[in-house]
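Counting starts at 1 for both ligands and their atoms, following the listed order.
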Amino acid sequence: MSAETLRIALVGNPNCGKTALFNLLTGARQKVANYAGVTVERKVGSATLADGRTVSFIDLPGAYSLTPSTPDEAVTRDMVMGLRADEPAPDVIVAVVDATNLVMNLRLVLELRRLGRPMMVSVNMADVARARGLAIDIARLSAELGVPVVETVAVQSRGHAALLAELERQAQWSLPSQAEAKDQALSLPEAQREVRRILAVAAPGAAQFKRFNHRLDAVVMHPVWGLVLLAGLLFLMFQAVFSWASVPMDAINDAMAWAGETLSAHMADGPLRSLLVDGVIAGVGGVLVFLPQILILFLFILVLEDSGYLPRAAFLLDNVMGKVGLSGRAFIPLLSSFACAIPGIMATRTIPNWRDRLATIMVAPLMTCSARLPVYALLIGAFVPQRTVGGVNLQGLTLFVLYIAGVLSAMAVAWLLKRVWMKSSYQPLMLELPPYRLPNLRNLALGLWERARIFLRRVGTIIFALTVLLWFLSTFPAPPEGATGPAIQYSLAGYLGRALEVVFAPIGFNWQISIALVPGLAAREVAVGALGTVYALSSTGEVADALAPVIAQTWSMATAYALLAWFVFAPQCMSTLAVVRRETNAWRYPLIMAAYLFALAYFAAFVTYRVALWLGA
Ligand SMILES: Nc1nc2c(ncn2[C@@H]2O[C@H](COP(=O)(O)OP(=O)(O)OP(=O)(O)O)[C@@H](O)[C@H]2O)c(=O)[nH]1
Ligand SMILES: [Mg+2]
């Protein structure tokens, strides 16, 4: 990018549609969702003006003011005011405002205008305002604010051309300011008065505009019915993961089996065939099978995120979370951790109090991330009968219980942490409630596609690489002359597995599982791929069977439950630890985290194994 590329920052209140606009302008695919605090990092993308020049847009976390109260707001303040050492202030500020919430949003605009930098305003969500009868006189607003104003509808690709055209003109002015110097240091009441004055002429209906449907909230946020609804939603989600996924999963399984048989039939026996059949198909294919389940899980998460339900659930649970010492603000970061602990841990930047934030970071890996889903699904598929009892799918029920186990242990750990390590007093939850919105189908489709892409990329890169590596370790060195038993027993991985088995035998893990746990540290799904490869190589039959029936035959019930218990706590993946290091800026916390999770996992697996054995499993 050339030195004189114009840099344009999108600044505005949380949830006003900055990221949606950023995606529209730059073609990026950053996460958009209907609650405050989705974006916590600055992101850069580029767009082309009509005259052919390239400009770069910077998407920022939402902020209520330039006096930050949370780490994510500080990112915005530092960027806008040019306080970052590595980056100058943006050349132009595009203040994005939510047309349905002008009273609140314009305050930040006045504050931004005071910076005296080139600036324009984008009145976003113009569709909702219009549909509900709020008339905004854009020309008057522009005249009152003294800056150009355009209307946009970020989710329907409207208004971005006008915005770019305005920027093109703005770029030529390149003046320090067209802002009015008179609002130097407005106090809050003064700013409010000024906003009211401007709105009285430019959008007279704005002050009385109703953004909420209180009737719906009477049920959704009811202390009893609200909880019933939340439990029902989560329950439905896990039922669906099993009952909807079976058809596409069978199809993928059949395709894999077909590929394996075809390769075996047409290739001469040898290392290459084994690499393809036992390594790639049994290993990588074994993970790929779980794509439908992951997508169904994400479909539910995306709908919840886009509907505006999440912050309401946070309020509902604020009381419960407060009892264990977590802030209600922890709810959304913890829920994001169902996808992956990494965005979850980053989302803790929206928590103002450092101790609350640290407690949330420490328990985030206990939420069941989607990388654990293949492991759970494999074991559940192998050991829990595919039956419905009273209309409830048993496999879905087991999955639900496993997720709940993760949540409950997170609560327990948080409670302990707050008790013994970092006391802080309960602070009431302050969180903006977004309006309800029907999930946008295009958004959903894009979100799912994005998820599928991320998963497939993981499968194609790290999972593939580790599985192939494991195949090598499991194949070489070749067995000595006259060896009986499958070759893998004499390989490097075979020896390693048996060495580790000493550690893991007390919790019921055999050497195959012990091997699989090692690459599982890099990415948990690899544990499944690794088991696929290890068992394919151990089998004496011509073509390795699908993994589930093999383990169903060879493992005891106690082992399976112990492994499930292990993965509820599973010493988290390396990337999670790296992010904890980055977010806390200290090695101490990831080390404590790794140690406590390992101890918990071992303990839980041990107890589960012993109890299961005792019960005769
Ligand atoms: N109807 C309508 N919805 C919009 C529009 N722009 C954004 N949205 C929706 O508003 C919600 C918030 O959008 P985001 O782009 O995530 O908002 P943001 O300002 O980046 O939010 P933070 O990153 O949390 O500060 C999402 O549900 C979007 O689908 C719009 O112009 N019209
Ligand atoms: Mg955003």
* To do: Using a 4.0 Å heavy-atom threshold (strictly under), name the region of Leu21 that reaches ligand 1: side chain, backbone, both or neither.
  => neither
* To do: For Asn443 and ligand 1, answer yes if some heavy atom of the residue is under 4.0 Å from a ligand atom, otherwise no.
  => yes
* N/O to N/O below 3.5 Å, does that happen between Ala33 and ligand 1? -> yes
* Asked: Does a side-chain N-to-carboxylate-O contact under 4.0 Å join Asp91 and Arg117?
  -> no
* Could you give me the CA-CA distance, side-chain angles and deciding distance for Thr152 and Ser122, then say whether side chain to side chain donor-acceptor pair (under 3.5 Å) is met? => CA-CA 6 Å; Thr152 53; Ser122 152; 2.9 Å; yes
* Looking only at distance, does Val38 have an N or O less than 3.5 Å from an N or O of ligand 1? -> yes
* Will you find, in the side chains of Asn13 and Asn105, an N or O donor that is under 3.5 Å from an N or O acceptor? -> yes
* Asked: Out of Asn15, Val153, Val128, who gets a non-hydrogen atom closest to atom 21 (O) of ligand 1?
  -> Asn15
* Can you tell me if Asn15 has an N, O or S atom under 2.8 Å away from the Mg ion (ligand 2)? -> no
* Asked: Given OG1 of Thr39 on one side and OG1 of Thr19 on the other, what angle do they make at the Mg ion (ligand 2), to 10°?
  -> 90°
* Structure fact -> Heavy-atom proximity to atom 2 (C) of ligand 1 ranks first, among Val32, Val155, Leu60, for Val155
* To do: Go through ligand 1 atom by atom and flag the ones less than 4.0 Å from a non-hydrogen atom of Gly37.
  => 24 (O)
* **Polar proximity ligand 1 side, Ala36 side, N/O cut 3.5 Å exclusive** => no
* Asked: So is Ala126 polar-close to ligand 1, meaning N/O to N/O under 3.5 Å?
  -> no
* Asked: Do Glu111 and Arg114 sit within salt-bridge range, that is, some charged N less than 4.0 Å from a carboxylate O?
  -> no
* Structure fact -> for atom 23 (O) of ligand 1, nearest protein heavy atom and its distance come out as Thr39 OG1, 2.7 Å
* Structure fact -> Here the atoms of ligand 1 under 4.0 Å from any heavy atom belonging to Gly62 are 25 (O)
* To do: Could you tell me if any non-hydrogen atom of Tyr35 lies under 4.0 Å from any atom of ligand 1?
  => yes
* Nearest neighbour in protein (non-hydrogen) for atom 32 (N) of ligand 1 -> Asp127 OD1, 2.9 Å
* To do: May I ask you to say whether Glu450 pairs ionically with Arg453, meaning some side-chain N is under 4.0 Å from a carboxylate O?
  => yes
* Asked: Salt bridge or not for Arg349 and Glu583, using N-O below 4.0 Å?
  -> yes
* Below 3.5 angstrom, do we get any N/O pair linking Thr19 and ligand 1? -> yes
* Asked: Quick one: does Pro14 get an N or O within less than 3.5 Å of an N or O on ligand 1?
  -> no
* Structure fact -> The protein heavy atom nearest to atom 19 (O) of ligand 1 is Lys18 NZ, 2.6 Å
* In plain terms, say whether Glu144 and Arg197 are close enough for a salt bridge, that is, a side-chain N and a carboxylate O under 4.0 Å apart. => yes
* **Result of checking Phe238, Tyr403, Trp244 against Phe300 for ring pair (Phe, Tyr, Trp, His ring centres under 6.0 Å)** => Trp244
* Considering only non-hydrogen protein atoms, determine which one is nearest to atom 6 (N) of ligand 1 and report residue, atom name and distance to 0.1 Å. => Asn124 ND2, 3.0 Å
* Who's the nearest protein heavy-atom neighbour of atom 9 (C) of ligand 1, and how far? -> Arg437 NH1, 3.0 Å
* Asked: Is the closest N or O pair between Cys16 and ligand 1 shorter than 3.5 Å?
  -> yes
